[in-house]
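As the structure is a prediction and not an experimental result, all values here were calculated from the model. What's counted below: heavy atoms across the whole structure, side chains too, no hydrogens, waters or symmetry copies.
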Amino acid sequence: MDIANLVTKAKKGNDEAFEQLISSVRHKLYRTAYSYVKNEQDALDIYQETIYKAFTTLKTLKKPEAFQGWITKILIYKAIDFIRKESKHFPTDKEELFAQLMTEENIDTITYSLDLAEAFNHLSPTYKAIILLRYYHDLSIREIADIMNYPEGTVKSHLNRAKKELRPILKEGYIYE
């Protein structure tokens, strides 16, 4: 599937091309939203708002090949805005959070997920975004710099700092020894 070609068609009003674009990034967008808000319904709301915003502003996308990074940037900003506005709705009780995780995730992967989620929660929103873009969305340093409006050197240093913050947390668990 040629992303640039689909973007060009979608810009001209081809709804089917837009649907194909969205289906190519659907799972990553949802998982990224979920990693920010830790709630299925809120993640779906952010995902839907992102799709709507992408649909209405697609004509402003200058580089069709940068579609994935562009839509991910929209999603991250929507997630951060949501967190700022709705932070009082998140569970603060660890037992309540654990109960939610137990019902939403497979028991076999819960140990890995909890270790990684706990480590990920220690990161600042900027570091979290860079880690997600780099390792989950497989974007290059240059693409991340373009998305976040940072110089490449800043992205590299943030990425290194984020990894340094994650290393000791993940090494403490028996899984990673």
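In this structure, CD1 in I130 is found 10.5 Å from CG in N160, a value given to the nearest 0.5 Å. One finds the CG atom of L75 at 13.0 Å from the NZ atom of K53 (value rounded to the nearest 0.5 Å). Taking CG of L123 as the start and CG of L166 as the end, the distance is 4.5 Å to the nearest 0.5 Å. Separating the CG atom in D45 from the CD atom in E40 is a distance of 10.5 Å, to the nearest 0.5 Å. Annotation: the span from Q48 atom CD to K78 atom NZ amounts to 12.0 Å, rounded to 0.5 Å. Remark: S35 OG to K28 NZ distance equals 13.0 Å, nearest 0.5 Å.
Cluster membership check: L29 shares its hydrophobic cluster with Y135, using side-chain heavy-atom separations under 4.5 Å among Ile, Leu, Val, Met, Phe, Trp and Tyr. A continuous path of Ile, Leu, Val, Met, Phe, Trp and Tyr side chains, each step under 4.5 Å between heavy atoms, connects I46 with F55, placing both in one hydrophobic cluster.
Across E143 and L139, no two heavy atoms sit closer than the pair OE1-CA, 3.3 Å. Nearest approach of A33 to A43, heavy atoms of both residues: CB-O, 3.8 Å. Across every non-hydrogen atom of I71 and A54, the tightest pair is CD1-CB, 3.7 Å. Contact between K11 and K59 at its shortest, heavy atoms only, is O-CE, 3.4 Å. Heavy atoms only, all atoms of each residue included: P64 and T8 are closest at CG-OG1, 4.4 Å. A pairwise comparison of heavy atoms in L6 and A17 identifies O-CB, 3.5 Å as the closest pair.
Contact of the Y150 side chain with the H158 side chain is registered, since non-hydrogen atoms from C-beta on lie closer than 4.5 Å. In this structure, the side chains of V155 and M148 stay at 4.5 Å or more apart for every pair of heavy atoms. With a 4.5 Å cut-off on side-chain heavy atoms, I131 and K163 count as touching. By the 4.5 Å heavy-atom criterion applied to side chains, Q20 and K9 are not counted as neighbours.
Y47 pairs by the ring pair (Phe, Tyr, Trp, His ring centres under 6.0 Å) definition with nothing, not counting sequence neighbours. By the side chain to side chain donor-acceptor pair (under 3.5 Å) test, E152 pairs with R142, sequence neighbours left out.
Around atom OH of Y77, more than 12 heavy atoms belonging to other residues, nucleotides or ligands sit under 6.0 Å away.
Between the side chain of K63 and the main chain of W70, no donor-acceptor pair closer than 3.5 Å is present. For K73 (side chain) and I147 (main-chain N/O), a donor-acceptor pair under 3.5 Å exists by modelled atom type.
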Note to self: Test side chain to side chain contact (heavy atoms under 4.5 Å, CB included) on L58 and L61; report intermediate values, then the result.
What the structure shows: CA-CA 6 Å; L58 184 63; L61 178 61; 4.2 Å; yes
Using side chain to side chain contact (heavy atoms under 4.5 Å, CB included), reason through L159 and R134 one step at a time and then give a plain yes or no. CA-CA 8 Å; L159 185 60; R134 180 70 175 128; 4.0 Å; yes
From CA spacing to verdict: side chain to side chain contact (heavy atoms under 4.5 Å, CB included), K128, I76
CA-CA 10 Å; K128 203 181 280 191; I76 288 171; over 6 Å; no
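Between F67 and F18, the ring planes lie perpendicular to each other; the angle is over 60°, past the 30° to 60° tilted range.
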